[in-house]
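Have a look at the structure below, then the notes.
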Protein chains: 2
Amino acid sequence: MATKSKPAVVHNLPLNQILDGDCIERMNALPAGSVDLIFADPPYNLQLKGDLHRPDNSKVDAVDDHWDQFSSFAAYDKFTREWLAAAKRLLKPNGAIWVIGSYHNIFRVGSALQDQGYWMLNDVVWRKSNPMPNFRGKRLTNAHETLIWASRDEDSKYTFNYEALKELNDGVQMRSDWVLPICTGHERLKDENGDKAHPTQKPESLLHRVLIATTNPGDVVLDPFFGTGTTGAVAKMLGRDFIGIEREEAYRKVAEERISRVRRFDASALEITGSKRAEPRVPFGQVVERGMLRPGEELYSVGSRYSAKVRADGTLVGHEVKGSIHQVGAAYEGAPSCNGWTYWHFKRDGKMIPIDILRQQIRAEMEADLGRPH
Amino acid sequence: MATKSKPAVVHNLPLNQILDGDCIERMNALPAGSVDLIFADPPYNLQLKGDLHRPDNSKVDAVDDHWDQFSSFAAYDKFTREWLAAAKRLLKPNGAIWVIGSYHNIFRVGSALQDQGYWMLNDVVWRKSNPMPNFRGKRLTNAHETLIWASRDEDSKYTFNYEALKELNDGVQMRSDWVLPICTGHERLKDENGDKAHPTQKPESLLHRVLIATTNPGDVVLDPFFGTGTTGAVAKMLGRDFIGIEREEAYRKVAEERISRVRRFDASALEITGSKRAEPRVPFGQVVERGMLRPGEELYSVGSRYSAKVRADGTLVGHEVKGSIHQVGAAYEGAPSCNGWTYWHFKRDGKMIPIDILRQQIRAEMEADLGRPH
DNA sequence: ATAGGTTATGAATCTCGAT
DNA sequence: TATCGAGATTCATAACCTA
């Protein structure tokens with residue numbers, strides 16, 4: 001219960017500390033209307049059945065911790081409504097909340113927020129640049145999580161640093177979808193055995209954006225599911241005060257140690273994120289989906305030597321070959337590889353036009369598009 | 001109520017028609033368990049206060065239609081639960097549903113789906129490449145909408161064309177975030193005055209992806225909030241049957257006219273990349289029976305690390321193990337399972353050849369026998 | 001030292017038909 | 001309805017290892 005970097009005086013709040021115990025009881029013991037922002041990463045209530053193995057037969061290290069077990073939706077809803085009510089009481093009138101979740105729980109959380117009179121400002125999609133794939137090929141890769149940003153009341157004058165976020169986003173408005181990598185490498189905290197200290201540690205980049213967007217220096221940020229303390233670490237860096245609540249001793253210990261190592265940034269030291277992006281990859285299927293080429297339409301190689309027909313899934317069928325634009329081109333040419341974008345042409349008004357033109361159109365739209373997060 | 005392109009016989013379903021009236025009543029009048037997929041774009045229950053003006057003072061043409069007005073969350077929930085229940089009754093046991101929405105309503109919809117026993121498969125984010133900017137700078141640009149894909153029951157054997165979607169995405173598995181432009185240009189339907197015919201017309205590219213992913217040709221797709229008929233138009237193109245329900249006369253008229261102009265793609269363009277799971281099963285014993293491998297011959301794992309001997313009944317004997325090609329491979333690797341077809345190799349002229357080659361030969365012969373060239 | 005190849009791993013509601 | 005066994009299935013990134 002240490003990790004102090006500043007005396008706790010205002011409202012008698014236990015600032016920059018990690019409280020132990022149950023988050024609902026702890027929140028109810030704090031003074032009402034004293035917190036500027038709450039960031040919450042509650043249990044997701046995953047309902048996993050058996051083990052899952054990768055195609056190489058290695059076992060996936062699943063989230064099977066006791067704190068993620070609920071007996072029913074009703075039990076999960078009860079828990080959710082109780083902690084959200086405690087959170088609302090704690091917020092200042094102009095305070096706001098962020099909650100992160102997946103499709104297992106976020107719809108329950110969102111409904112509860114609305115029912116309790118929170119005012120939804122945005123739902124934000126964290127698009128993971130490196131998600132875990134779907135190993136059995138039975139669903140889409142679960143490549144995102146959802147955050148809800150809501151103010152305490154409909155008429156709250158919430159904090160939103162529009163200009164700062166615009167700067168973070170190369171001068172255009174920040175969108176509701178954020179591309180950020182998951183937490184790995186040195187940032188990922190390990191326990192004594194070298195295993196991950198927490199199964200669901202969030203990346204600091206995510207908290208960085210949340211806190212820059214919706215708090216000011218000196219604000220009090222509370223995290224009722226503190227875990228290994230990402231919220232506290234980023235809050236300290238950015239000159240915000242935090243209050244953490246975490247009932248697992250092991251997590252608290254890791255978090256305290258972590259936060260003690262964090263240095264507060266100079267006011268001038270705010271991070272610049274200006275990584276150049278490679279040209280975005282455009283799947284040929286998008287050309288078909290967007291109706292730029294129709295299923296059934298013929299494509300031709302240079303000189304019309306070969307032709308193949310477009311299918312609805314973005315593959316080609318030719319003479320005894322089918323596959324991607326690259327594969328069919330390579331097969332015809334007897335070559336090990338082939339750039340289908342420059343190889344294939346379509347006919348318009350008697351003219352042969354390379355399909356790469358269509359890719360360029362799509363890329364132009366993507367460029368024109370507002371917002372290039374990250 | 002026309003737009004027929006095929007006689008309605010199966011189950012006496014009104015195929016390829018647009019029904020008028022209330023969607024709940026209409027759905028309840030159709031036979032239970034008769035529909036493969038439901039795509040629903042229900043009212044979003046937007047809570048707009050006054051008019052919204054752009055910085056140049058032009059007025060934003062908001063969704064303020066009477067059908068989007070609900071007096072409370074309770075009223076919206078009641079409506080949602082009623083139409084979802086009617087939809088569930090209509091679905092075949094292996095049927096599935098898609099619902100699209102925004103943060104105003106999707107949390108209500110998601111909770112209702114879970115409460116009614118639908119089984120969530122993915123939430124999908126439609127990331128708009130060209131969203132409307134946020135004019136007031138008080139929030140993030142609302143640049144996405146959310147779709148929920150759920151099967152009727154937890155144990156439904158739902159349709160998912162994994163390989164086709166992988167092709168659509170340039171050979172890597174499709175993710176849960178889809179970047180697609182909003183509906184504009186020629187695709188956006190206009191009324192007699194040149195105004196948009198429907199405030200929330202969805203892009204055909206979105207429906208294309210949904211229908212390719214989760215239906216097969218000939219499936220019946222129902223859309224209870226048909227609007228201007230994007231679902232019907234794309235279903236017709238892709239050789240699926242549709243049933244539309246729409247209570248607004250004006251929308252029905254636009255939709256009928258629109259769908260009548262759509263041409264179905266020919267069958268060969270609708271064939272998509274298939275699944276290996278659908279290939280006929282070949283017992284390893286057939287390889288031995290046909291003399292492609294002889295009893296007593298040695299098989300080797302990759303790198304010749306392990307070997308085993310073929311027996312006359314199509315089992316293998318190795319070092320202290322015997323059983324199927326899969327069992328012996330799994331035992332050697334200490335793995336929970338093993339695909340013996342790709343694990344084992346035989347030697348010919350000093351080269352190691354995977355036994356899966358032999359299975360492919362047998363399958364090719366089986367195809368030839370059926371008189372189906374290719 | 002560097003380049004290149006190999007291995008490890010991440011909030012996951014992850015098979016299906018025959019018996 | 002439960003059990004059994006065939007056999008289908010992965011992407012991005014960082015750490016580690018080898019030449």
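Note that the coordinates shown come from a computational prediction; the quantities given were computed from them, not determined experimentally. Side chains are part of it too, since the values below use all heavy atoms of this structure and drop only hydrogens, waters and symmetry mates. We name chains A, B, ... by the order of the sequence lines, and we start the count at 1 in each one.
Partners of B:His345 according to the ring pair (Phe, Tyr, Trp, His ring centres under 6.0 Å) rule, which considers only residues two or more places apart in sequence or in another chain, do not exist here. Taking the salt bridge (Lys or Arg N to Asp or Glu O under 4.0 Å) definition, one finds that A:Asp61 meets it with A:Lys196, sequence neighbours left out. Residues satisfying the ring pair (Phe, Tyr, Trp, His ring centres under 6.0 Å) test with A:Trp126, not counting sequence neighbours, are none. Shown here are the ring pair (Phe, Tyr, Trp, His ring centres under 6.0 Å) partners of B:Phe160, two or more places apart in sequence or in another chain: B:Trp149. Residues forming a salt bridge (Lys or Arg N to Asp or Glu O under 4.0 Å) with A:Asp22 (at least two apart in sequence, or on another chain): none. With sequence neighbours left out, the ring pair (Phe, Tyr, Trp, His ring centres under 6.0 Å) criterion links A:Phe135 to no other residue.
In A:Lys190, the NZ atom is crowded: over 12 heavy atoms of neighbouring residues, nucleotides or ligands sit closer than 6.0 Å.
If you take atom C1' in C:dA12 and the same atom in D:dG5, they sit 24 Å apart, rounded to whole Å. Rounded to the nearest Å, the gap between the C1' atom of C:dT15 and that of C:dA11 is 22 Å. Using P as the reference atom, D:dT9 and C:dG10 are 24 Å apart when rounded to the nearest Å.
Among the heavy atoms of the strands, none lies under 4.0 Å from A:Gln201. Across all strands shown, B:Thr342 has no heavy atoms under 4.0 Å from either base or sugar-phosphate atoms. Looking at heavy-atom distances under 4.0 Å, A:Lys49 makes no contact with the nucleic acid at all. Residue-level contact check: B:Glu154 touches neither bases nor backbone, having no heavy atom under 4.0 Å from any strand. Using a 4.0 Å heavy-atom cutoff across all strands shown, B:Gly340 reaches no nucleic acid atom at all. Looking at heavy-atom distances under 4.0 Å, A:Lys59 makes no contact with the nucleic acid at all. In this structure, B:Arg175 reaches neither bases nor backbone, as no heavy-atom distance under 4.0 Å exists between it and the strands shown. Among the atoms of the strands shown, base atoms are found under 4.0 Å from some heavy atom of B:Trp119. Within 4.0 Å of A:Ser102, counting heavy atoms only, lies no atom of the nucleic acid at all.
Nearer to the 5' terminus of DNA chain C, by closest-nucleotide assignment, is the contact made by A:Ser58 (compared with the other of A:Ser58 and A:Phe73). Mapping A:Arg136 and B:Gly171 onto DNA chain D by nearest heavy atom places A:Arg136 at the nucleotide closer to the 5' end.
In summary, the side chains of A:His104 and A:Ser102 do present a donor paired with an acceptor at a separation below 3.5 Å, with no hydrogens or angles considered. A side-chain donor-acceptor contact under 3.5 Å links B:Gln114 and A:Arg108.
Atom CZ in B:Arg359 sits 9.5 Å away from atom CZ in B:Arg281 (nearest 0.5 Å). Atom CD1 of residue B:Ile97 and atom CG of residue B:Leu121 lie 11.5 Å apart, to the nearest 0.5 angstrom. Between the OG atom of A:Ser205 and the CD atom of A:Glu187 there is a distance of 6.5 Å, given to the nearest 0.5 Å. Remark: B:Ile272 CD1 to B:Ile212 CD1 distance equals 6.0 Å, nearest 0.5 Å.
Here B:Arg209 pairs with A:Glu289 in a salt bridge; the nearest charged N to carboxylate O distance falls below 4.0 Å. Note on A:Asp313 versus B:Lys166: no salt bridge recorded, every NZ/NE/NH1/NH2 to OD/OE distance being 4.0 Å or above. Checked for salt-bridge contact, A:Arg261 and A:Glu257 meet the test: a charged N lies under 4.0 Å from a carboxylate O.
Applying a 4.0 Å cut-off to non-hydrogen atoms, the residues of residues 272-292 of chain B that approach DNA chain D are B:Lys276, B:Arg277, B:Arg281, B:Val282, listed by residue number. Using a 4.0 Å cutoff on non-hydrogen atoms, the parts of residues 320-339 of chain B near DNA chain D are B:Ser324, B:His326, B:Gln327, B:Ser337, B:Cys338, B:Asn339, ordered by number. Near DNA chain D, meaning a heavy atom under 4.0 Å from it, residues 40-47 of chain A has no residue at all.
In DNA chain C, runs of at least 3 consecutive Watson-Crick or G-U pairs, each pair with both distances below 3.5 Å, span C:2-10 with D:11-19, C:15-19 with D:2-6.
Sorted by first and then second residue, the pairs that involve residues 133-148 of chain A and meet side chain to side chain donor-acceptor pair (under 3.5 Å), not counting sequence neighbours, are A:Tyr44-A:Glu145, A:Tyr103-A:Arg139, A:Lys128-A:Glu145, A:Thr141-B:Gln173, A:His144-B:Asp123, A:His144-B:Ser176.
For A:Arg188, counting side-chain heavy atoms from C-beta on, the closest listed nucleotide (C:dT9, C:dA11, C:dC14) is C:dA11.
Put simply, chain A comes within 4.0 Å of DNA chain D, heavy atom to any atom, from D:dG7 to D:dA15, going 5' to 3'.
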